[in-house]
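What follows is one structure encoded as structure tokens, with my remarks underneath.
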Amino acid sequence: MLYEAIVVSLIVIATVGGAELLGLTMLNRPIIIGPLVGLALGDVQSGVIIGASLEAVFMGVVNIGGASAAEPGLATAVGTAFAINLGGGSAIALPLAIPIGILGLQVKTLLYVGVIGFFAPVFDRLAAEGKERAIIGLHYGAWCLQWGIYGLLPFIGILAGSSAINAFVKAIPPVIMNGLNICGGLLPAVGMAMLLKLLWDKKIYLFFFLGFVLVAYLKLPLVALAVLGAIIAVTIAQRDYQISQLTKKMENAPALATPSGSVNEMDSEEEDFFQ
């Protein structure tokens with residue numbers, strides 16, 4: 001079991017951690033991790049089947065701040081490994097996936113708050129001092145620390161066995177689980193504040209309030225909100241393009257002198273547009 005524990009742990013670090021390091025590439029999806037674990041453990045067919053089954057289960061799970069449910073990457077890796085070792089296929093992987101995924105998400109939240117959060121002021125200080133190489137080194141060092149700790153979950157889980165994982169999840173006191181959920185619920189406010197700090201502009205601030213009203217009072221789903229945002233973006237882009245084209249036309253058009261010889265006339269199309 002030591003070989004399986006090491007291999008599964010490395011796959012979790014490379015996929016779940018790599019997905020965030022490389023810019024949310026979806027490497028942490030079950031459809032990717034299942035076949036990788038199956039390939040490493042010598043049963044690609046079972047890995048593909050289990051990965052596809054768990055992808056259907058976690059297809060709608062996208063953990064963003066407090067909108068979090070479970071960690072599908074860790075759940076798939078450990079569930080697939082147990083299923084292949086025990087020869088039970090999806091019948092074993094599916095019942096194990098949910099508790100393992102919940103545990104993995106809570107540990108990830110704890111690492112974000114208790115470990116990575118400690119380095120935030122250090123990054124600010126290094127940025128103020130202009131130490132670019134130190135920032136890069138700390139960035140990758142913090143990533144190795146976080147996902148090295150996270151990689152211990154599948155390592156210990158594979159060595160301990162499936163029954164131990166279920167017992168451990170059920171033994172966690174509700175007060176601790178609630179506390180971790182509350183910590184996760186605070187992340188959207190922090191993330192939104194950081195986003196607004198970078199993007200806030202007097203020219204577009206009304207769109208933030210428009211989105212809030214549409215969601216909070218009109219109860220529009222996120223899909224409808226995304227479509228409205230796309231429509232607004234396309235409309236503004238078309239308007240900017242038309243203005244740009246008219247500006248070029250005005251710059252390239254020969255000057256038409258009026259009888260007084262001091263004022264240029266705009267053609268009817270330009271005049272109608274600006275009216």
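In this text, all values refer to a predicted model and were calculated from it rather than measured experimentally. The first residue of the sequence shown is numbered 1, and numbering continues consecutively from there.
Considering every non-hydrogen atom in both A75 and I100, the closest pair reads CA-CG2, 3.8 Å. Counting all heavy atoms, side chain and backbone alike, G73 lies closest to V16 at CA-CG2, 3.8 Å. For V8 against A81, the heavy-atom pair with the smallest separation is CG2-CB, 3.8 Å. Heavy atoms only, all atoms of each residue included: A40 and V7 are closest at CB-CG1, 3.2 Å. Of all heavy-atom pairs spanning L41 and E4, the tightest one is CD2-CG, 3.4 Å. Between S46 and D43, the shortest heavy-atom distance links the atoms OG-OD2, 2.7 Å.
Note on I84: it clusters hydrophobically with Y3, by side-chain heavy-atom contacts below 4.5 Å among ILVMFWY residues. V37 and L2 end up in the same hydrophobic cluster when Ile, Leu, Val, Met, Phe, Trp and Tyr side chains are linked at under 4.5 Å. Hydrophobic clustering keeps V213 apart from L225 (ILVMFWY residues linked when any side-chain heavy atoms are closer than 4.5 Å, directly or through intermediates). Residues L210 and L218 fall within the same hydrophobic cluster, defined by Ile, Leu, Val, Met, Phe, Trp and Tyr side chains chained together at heavy-atom separations under 4.5 Å. Note: the hydrophobic cluster containing Y217 does not contain L228 (ILVMFWY, side chain heavy atoms under 4.5 Å, direct or indirect links).
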What verdict does the side chain to side chain contact (heavy atoms under 4.5 Å, CB included) test give for I33 and L54, after you've listed the backbone C-alpha separation in whole Å, the side-chain angles of each residue and the deciding distance to 0.1 Å?
CA-CA 10 Å; I33 297 178; L54 291 178; over 6 Å; no
So R239 and T235, side chain to side chain contact (heavy atoms under 4.5 Å, CB included) or not? Walk me through it.
CA-CA 6 Å; R239 186 201 62 181; T235 302; 5.8 Å; no
Run W143 and L138 through side chain to side chain contact (heavy atoms under 4.5 Å, CB included) and show every step you take.
CA-CA 8 Å; W143 182 88; L138 182 60; over 6 Å; no
Show the numbers, then the answer: is there a side chain to side chain contact (heavy atoms under 4.5 Å, CB included) between K249 and T247?
CA-CA 5 Å; K249 185 185 296 185; T247 302; over 6 Å; no
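Counting heavy atoms from C-beta outward, V12 and L153 have side chains that stay 4.5 Å or more apart. Looking at heavy atoms from C-beta onward, F123 lies in side-chain contact with H139 at the 4.5 angstrom threshold. Two residues are said to be in side-chain contact when any heavy atoms from C-beta on lie closer than 4.5 Å; F209 and L214 fail this criterion. A heavy-atom distance below 4.5 Å is not found between the side chains of E71 and V107.
In this structure, S9 OG and L74 CG are separated by 9.5 Å, a value rounded to the nearest 0.5 Å. Taken to the nearest 0.5 Å, the CG atom of L126 stands 14.0 Å off from the CZ atom of R133. In this structure, the separation between CD on Q245 and CD on Q242 is 9.5 Å, given to the nearest 0.5 Å. I50 CD1 to F82 CZ: the interatomic distance, rounded to the nearest 0.5 Å, is 12.5 Å. The OG1 atom of T15 sits 9.5 Å away from the CD1 atom of I32 when rounded to the nearest 0.5 Å. Within the model, atoms OG1 of T80 and CD1 of I49 stand 11.0 Å from one another, a figure rounded to the nearest 0.5 Å.
Other residues, nucleotides and ligands contribute only 12 or fewer heavy atoms inside 6.0 Å of the CG atom of L222.
Scanning for side-chain hydrogen bond (donor to acceptor under 3.5 Å, both in side chains) contacts around E20 gives Y112, with sequence neighbours left out. E129 meets the salt bridge (charged side-chain N to carboxylate O under 4.0 Å, His left out) test with R125, K131; sequence neighbours excluded.
Other residues sharing a hydrophobic cluster with V44 under the 4.5 Å side-chain heavy-atom criterion for ILVMFWY residues are L39, V48.
Checked against a 6.0 Å centroid threshold, the rings of Y150 and W147 count as neighbours.
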